[in-house]
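One-based numbering along the sequence shown.
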Amino acid sequence: QVQLVESGGGLVQAGGSLRLSCAVSGSIFSINTMGWYRQAPGKQRELVAAITSGGSTNYAGSVKGRFTISRDNTKNTVYLQMNSLKPEDTAVYYCKAVLQGLLVRWGQGTQVTVSS
């Protein structure tokens with residue numbers, strides 16, 4: 001019954017910013033790692049950023065310095081602040097949560113489109 005719901009996607013011009021949110025709802029014992037992935041047309045899904053329960057982060061090289069992942073454990077929510085967006089950032093962004101260190105749940109995805 002655990003669900004992940006993303007929000008914040010949309011259309012933005014190159015150089016602009018978006019903030020994605022992913023809220024985890026349902027019966028939750030604990031959330032280990034949370035992350036954001038993206039998939040562009042014709043490409044494989046790739047890791048964008050991840051954050052552990054302790055706050056350690058990991059970023060894809062292509063987004064370092066531009067994107068920031070954070071989480072609010074009191075709200076069971078993970079965020080992705082995306083600055084200096086580029087057209088190559090265009091993709092469907094998916095939220096992922098590892099629950100109780102065992103189960104993996106994915107959000108439905110939110111479209112991010114960056115125009116040149």
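Closest heavy-atom contact between Val104 and Lys96: CG1-CE, 3.6 Å. When all heavy atoms of Leu20 and Gly9 are compared, the closest pair comes out as CD2-N, 3.5 Å. Residues Val78 and Met34 approach most closely at CG1-CE, 3.5 Å, considering heavy atoms. Closest approach of Asn83 to Ser17, counting heavy atoms only: OD1-OG, 2.9 Å. The two residues Leu99 and Arg105 make their nearest non-hydrogen contact at CD1-CG, 3.8 Å. Minimum interatomic distance between Ser116 and Ala14 (heavy atoms only, all atoms of both residues): CA-CB, 4.4 Å.
By the criterion of side-chain heavy atoms lying less than 4.5 angstrom apart, applied directly or through intervening Ile, Leu, Val, Met, Phe, Trp or Tyr residues, Leu4 is not grouped with Tyr94; the two fall into different hydrophobic clusters. By the criterion of side-chain heavy atoms lying less than 4.5 angstrom apart, applied directly or through intervening Ile, Leu, Val, Met, Phe, Trp or Tyr residues, Tyr93 is grouped together with Val12 in one hydrophobic cluster. Note on Val63: it clusters hydrophobically with Val112, by side-chain heavy-atom contacts below 4.5 Å among ILVMFWY residues. Trp106 and Val92 fall within the same hydrophobic cluster, where Ile, Leu, Val, Met, Phe, Trp and Tyr residues are linked whenever their side-chain heavy atoms come under 4.5 Å apart, directly or through other members. A continuous path of ILVMFWY side-chain contacts below 4.5 Å connects Val98 to Tyr37, so both sit in one hydrophobic cluster.
Atom CZ of Phe67 is separated from atom OG of Ser62 by 7.5 Å, given to the nearest 0.5 angstrom. Rounded to the nearest 0.5 Å, atoms OG1 (Thr77) and CD (Glu6) are 12.0 Å apart. Atom CZ of Phe29 sits about 6.5 Å away from atom CD of Gln100, to the nearest 0.5 Å. Between the CD1 atom in Ile28 and the CG atom in Asn76 there is a gap of 4.5 Å [rounded to 0.5 Å]. Atom CZ of residue Arg71 and atom OG1 of residue Thr33 lie 7.5 Å apart, to the nearest 0.5 angstrom. Put simply, CG on Asn73 and CD1 on Ile31 are 7.5 Å apart, with the number rounded to the nearest 0.5 Å.
Other members of a hydrophobic cluster containing Leu11 are absent, since no ILVMFWY side chain comes under 4.5 Å of it, directly or through relayed contacts.
Taking a 6.0 Å sphere around CD of Gln3, one finds it holds 12 or fewer heavy atoms contributed by other residues, nucleotides or ligands.
With hydrogens and angles ignored, the 3.5 Å screen pairs a side-chain donor or acceptor of Tyr59 with a backbone N or O of Ile69.
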- List the steps and the verdict of side-chain contact (heavy atoms from CB on, under 4.5 Å) for Met82 and Trp36. CA-CA 11 Å; Met82 304 185 293; Trp36 289 96; over 6 Å; no
Sequence neighbours excluded and cut-off under 3.5 Å, please list the side-chain donor-acceptor pairs for residues 46-54, or say none.
unit_1: Glu46; atom_1: OE2; unit_2: Arg38; atom_2: NE; d: 2.8
unit_1: Glu46; atom_1: OE2; unit_2: Arg38; atom_2: NH2; d: 3.4
unit_1: Thr52; atom_1: OG1; unit_2: Gly54; atom_2: N; d: 3.3
unit_1: Thr52; atom_1: OG1; unit_2: Gly55; atom_2: N; d: 3.4
unit_1: Thr52; atom_1: OG1; unit_2: Ser56; atom_2: N; d: 3.1

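Under the side chain to side chain donor-acceptor pair (under 3.5 Å) criterion, Gln111 pairs with Thr113, sequence neighbours left out.
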